[in-house]
Amino acid sequence: MKRALKIFDLRSDTVTKPNAKMLQAMFNAEVGDDVYGEDPTVNRLQKKCAEIFGMEAGLFVASGTMGNLVSLLTHCKRGESVILGDRSHINVYEQGGISALGGIFPTPVPNQEDGTLRTSDILSKILKENIHFSRPKVIAIENTHNICGGKALNVDYIREIVRIKEENKLKLHIDGARIFNAYYALKETNNRLDPKDLTRGADSVNICFSKGLCCPIGSVIVGSESFIQEALRNRKIVGGAMRQVGHVAAAALEALDSVEEIITSDHLKTKKLYKGLKEIGCDVDAPTSNILLFTPPKPFLPSQFVTLMKERNVLGSVAYTNKIRFIPNSGTSNEDINELLEIIKQIIKTKA
Ligand SMILES: *Cc1c(COP(=O)(O)O)cnc(C)c1O
């Protein structure tokens, strides 16, 4: 008998698809022209995101990249600089959009293994007013940190960054594409944590719904009323003003209703996969959230190992750091993890 081909797709959490409840919510959504501010579903989503993260207002944008771009276009004029991690998504994966489209000058400082930026490195880039220097305007941090393996920045660290930005009259942007992953990861050791604790003092936060939260597209940026008013103009100029987009926002609202269930389940699966890979001889970084980075046993090279896995329908990617990256997601079941570990074990055996 022929069995349907099972593909274990752990390349990213962006491969997730909307579930039946989300599709139903999209179908039923009440919509209007959002450029006139008349889409009730979009308005509800923006308000809800602002509330969750303790901000005055929110703005729905097409993607995480657009959320970062629009936020930084709003904070900076041409020639002003953003202090950010050298391994941040904005610095590595967004085509230099802030420079290409906004004339904004990136000032990268080294990301540490845990996704943080050293405060001494940040301070060394906050240059005093001088005719030779670009004016620093924003500090941008990323939570969880993608390239650093989904590490969550904790509340004490964020507070320290807020202190620095306030002392130096800068703005703070948080690329929180996976901020819900950060929240539920940190909540494991601090039951009283509130999402607002991760964003207090920030001037803008970018939240993605198209990663682990299974939406087809969409991010929301949140900040003050005046920030969002100005961001609205910048969203328009990059072509991001949309019309009856409540059909999409409805999926995000539905995702928020089950965010805890989705994210904590992804984190549990990631821990399970971590243990399994270690047991079969891989060198695996202990995960914090849903991103797993590992090196296969010798003599396999990461790229070669990814090809061998692909031939057996297990999809991973080679990460920026040349480790293999797996992101368990809603399309991955607990049973899938047992099965794919078995497949990986077989691959390792071929070289024994
Ligand atoms: C994916 C991601 C983005 C960008 O999101 P897109 O929707 O792919 O444009 C921004 N920041 C981080 C940290 C991400 O992981």
Side-chain angles (χ1 to χ4, degrees), residues 10-18 45 49 53 59-73 82 84-98 100-102 104 106 108 111 114-117 138-153 158 172-183 185 198-199 202 204-222 231 234-235 238-240 242 245 248-249 251-252 255 263 266-267 270 287-293 317 319-321 325-330:
L10 281 76
R11 287 170 301 169
S12 178
D13 44 6
T14 56
V15 302
T16 50
K17 294 172 188 168
L45 175 65
C49 289
F53 292 102
L59 186 67
F60 190 68
V61 292
S63 66
T65 301
M66 187 184 280
N68 286 332
L69 176 63
V70 166
S71 297
L72 294 175
L73 284 174
V82 177
L84 77 186
D86 63 346
R87 295 184 165 193
S88 63
H89 197 279
I90 299 172
N91 198 47
V92 177
Y93 291 129
E94 298 180 10
Q95 269 193 42
I98 56 167
L101 304 176
I104 300 165
N111 270 116
D114 62 1
T116 60
L117 311 174
V138 177
I139 302 172
I141 56 176
E142 187 174 310
N143 202 10
T144 61
H145 200 286
N146 185 336
I147 290 180
C148 294
K151 299 276 167 44
L153 308 178
I158 296 163
L172 172 63
H173 173 70
I174 301 180
D175 179 358
R178 295 188 182 82
I179 196 158
F180 284 112
N181 293 90
Y183 172 63
L198 301 182
T199 54
S204 51
V205 185
N206 179 28
I207 309 139
C208 280
F209 287 94
S210 58
K211 299 276 159 90
L213 289 176
C214 309
C215 295
I217 62 170
S219 289
V220 171
I221 53 176
V222 294
N234 288 319
R235 184 184 69 171
V238 298
M242 298 178 278
V245 73
V248 180
I263 302 283
D266 285 355
H267 289 184
T270 307
T288 316
S289 57
N290 64 338
I291 300 180
L292 205 56
L293 298 173
S317 58
Y320 185 80
T321 46
R325 190 183 78 172
F326 272 153
I327 306 192
N329 56 69
S330 293

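Note that ligands are numbered from 1 as they come in the structure, with each ligand's atoms numbered from 1 the same way. The first residue in the sequence is number 1, and the count goes up from there.
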Any donor-acceptor N/O pair, D86 side chain to P108 backbone, under 3.5 Å:
no
Can you name the atoms of ligand 1, numbered from 1 with element, that are less than 4.0 Å from a heavy atom of R178?
15 (O)
Closest to atom 11 (N) of ligand 1 among protein heavy atoms sits D175 OD2, 2.6 Å
Can you report which non-hydrogen protein atom sits closest to atom 14 (C) of ligand 1, along with the distance?
K211 NZ, 2.8 Å
Is it the side chain (CB and beyond), the backbone, both or neither of N68 that lies under 4.0 Å from ligand 1, heavy atoms counted?
side chain
So the atoms of ligand 1 within less than 4.0 Å of a heavy atom of G64 turn out to be 4 (C), 5 (O), 6 (P), 7 (O), 9 (O)
Just which atoms of ligand 1 are under 4.0 Å from any heavy atom in S63?
7 (O), 9 (O)
When only distance counts, is T144 in polar contact with ligand 1, meaning an N/O pair under 3.5 Å?
no
With a 3.5 Å cut-off and no angle check, do the side chains of N111 and H145 form a donor-acceptor pair?
yes
Any sub-3.5 Å donor-acceptor pair from S219's side-chain atoms to G64's backbone N or O?
yes
As a quick check of understanding, evaluate side chain to side chain contact (heavy atoms under 4.5 Å, CB included) for F60 and M242, giving each step before the final call.
CA-CA 9 Å; F60 190 68; M242 298 178 278; 4.1 Å; yes
Name the closest protein heavy atom to atom 10 (C) of ligand 1, giving the residue it belongs to and the distance to 0.1 Å.
H89 ND1, 3.3 Å
Do N206 and H173 get their side chains close enough for a donor-acceptor pair, meaning under 3.5 Å?
no
Backbone, side chain, both or neither: what part of T65 comes under 4.0 angstrom of ligand 1, heavy atoms only?
both
Looking only at atom types and distance, does a side-chain atom of T199 sit under 3.5 Å from a main-chain N or O of F53, one as donor and one as acceptor?
yes
Between ligand 1 and M66, is the shortest N or O to N or O distance under 3.5 Å?
no
Spacing of I291 atom CD1 and S289 atom OG [to the nearest 0.5 Å]
5.5 Å
closest protein heavy atom to atom 13 (C) of ligand 1 is E142 OE2, 3.2 Å
Going by the atom numbers of ligand 1, which of them fall below 4.0 Å from some non-hydrogen atom of E94?
10 (C)
Has S71 got a side-chain atom pairing as donor or acceptor with V205's backbone, closer than 3.5 angstrom?
no
